[in-house]
Amino acid sequence: MSNQPFDALDSKILQMLSQNARKPFLEIARECNVSGAAIHQRIQKLIQQGVIKGFETLLDPTQTGYETCAYIGFFLTDPSRFDAVVEELKKIPEVVECHYTTGKYDIFIKLYARNNDHLLQIIHDKLQPIDAGRTETLISFKEEFRRPIPVTL
């Protein structure tokens, strides 16, 4: 059973926006055979419902000077410090994702660094002072693909 708060039109709108968030509302309206105002209203409704959390511009990290992508798992010495650790991680601009996880790690982050030396500097100067516990770092050689989540009705 689905908890999706949208219908077939909403689903089609979401599919189009997930492929191209800059697609003009009038173009979406034409493809959906409805008015531009109807599309605008639907998108506003989806935003208010929290289905659409925002729109973003995806940058190529290597083109902006960030050649190293790393994933770091945290083994918290004190799990009650989770919120405090997350607040400290939010202050580090190179950290682009943070997840509370099951399994091996308590927290799993993704970050970008200019190079391996910069990564080491981030670990020593920004992550270790958080005093969250032990960490394990994995470096990504290359992102093979990225895609939006599937939108189905």
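This structure is a prediction, so every number in the text was calculated from the model and none was measured.
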Would you call the rings of Phe25 and His40 parallel, tilted or perpendicular, where under 30° means parallel and over 60° means perpendicular? tilted
Side-chain contact, heavy-atom cut-off 4.5 Å: Glu31 with Lys23? yes
Please give me the minimum heavy-atom distance between Pro61 and Tyr112, naming the atom from each residue. CG-CE2, 3.4 Å
Salt bridge or not for Glu88 and Lys90, using N-O below 4.0 Å? no
Between Leu111 and Ile122, is there a side-chain heavy-atom distance shorter than 4.5 Å? yes
Value rounded to 0.5 Å, distance of OG1 in Thr135 from CG in Leu127: 7.0 Å
With Tyr100, which of Phe82, Phe74, Tyr105 fulfils ring-ring contact (aromatic ring centres under 6.0 Å, His included)? Phe82
Establish whether Ile39 and Val151 are linked, either directly or via other cluster members, by ILVMFWY side-chain heavy-atom contacts under 4.5 Å. yes
Would Thr68 and Asn115 count as a side-chain hydrogen bond (donor to acceptor under 3.5 Å, both in side chains) here? Give the steps. CA-CA 5 Å; Thr68 300; Asn115 52 41; 6.0 Å; no
Search all heavy atoms of Leu26 against all heavy atoms of Gly36 and return the closest pair with its distance. CD2-CA, 3.9 Å
More than 12 heavy atoms from other groups under 6.0 Å of CG on Leu58: yes
Nearest 0.5 angstrom please: Lys126 NZ to Glu94 CD, how far? 3.5 Å
Could you pull out the closest heavy-atom pair between Pro93 and Lys91, with the gap in Å? CD-O, 3.3 Å
Could you check Glu143 against Cys69 for side chain to side chain contact (heavy atoms under 4.5 Å, CB included), going step by step and ending with a plain yes or no? CA-CA 9 Å; Glu143 180 180 284; Cys69 174; over 6 Å; no
With rounding to the nearest 0.5 angstrom, report the CZ to OG distance, Arg30 to Ser35. 12.5 Å
Report the C-alpha separation of His118 and Glu67 in whole Å, then their side-chain angles, then the decisive distance to 0.1 Å, and conclude whether the side chain to side chain contact (heavy atoms under 4.5 Å, CB included) test is met. CA-CA 10 Å; His118 184 220; Glu67 295 181 5; over 6 Å; no
I need the Leu119 CG to Ile139 CD1 distance, nearest 0.5 Å. 5.5 Å
So, the side chain of Ser18 versus the backbone of Leu14: is there a donor-acceptor pair under 3.5 Å, distance only? yes
Flag side-chain contact, heavy atom, 4.5 Å: Ile47 against Phe55: yes
Between Arg81 and Ile130, does a side chain to side chain contact (heavy atoms under 4.5 Å, CB included) hold up when you go through it step by step? CA-CA 10 Å; Arg81 285 196 18 88; Ile130 292 174; 4.2 Å; yes
Test item: Asp106 side-chain N/O and Phe75 main-chain N/O as donor-acceptor pair under 3.5 Å: no
Can we say Lys12 and Asp7 salt-bridge, meaning some charged N sits less than 4.0 Å from an Asp/Glu carboxylate O? no
Closest approach of Arg114 to Tyr66 (non-hydrogen atoms, all atoms of both residues): N-CD2, 3.7 Å
Using the side chain to side chain contact (heavy atoms under 4.5 Å, CB included) rule, take Glu27 and Met16 through it: C-alpha gap first, then chi angles, then the decisive distance, then the call. CA-CA 10 Å; Glu27 191 175 325; Met16 285 188 248; over 6 Å; no
Minimum side-chain heavy-atom gap Ile107-Val85 below 4.5 Å: yes
Please give me the minimum heavy-atom distance between Asp125 and Pro129, naming the atom from each residue. O-CG, 3.3 Å
Side-chain touch Ile72/Val95, heavy atoms, less than 4.5 angstrom: no
Is Tyr71 linked to Ile109 within one hydrophobic cluster, defined over Ile, Leu, Val, Met, Phe, Trp and Tyr using a side-chain heavy-atom separation of less than 4.5 Å? no
Consider only side-chain heavy atoms of I, L, V, M, F, W and Y, link residues closer than 4.5 Å, and tell whether Ile43 and Val34 are in one cluster. yes
Tell me whether Leu76 shares a hydrophobic cluster with Phe108, the cluster being built from Ile, Leu, Val, Met, Phe, Trp, Tyr side chains joined at under 4.5 Å. no
Atom CD1 of Ile28 and atom CD1 of Ile13: how far apart are they, to the nearest 0.5 Å? 7.0 Å
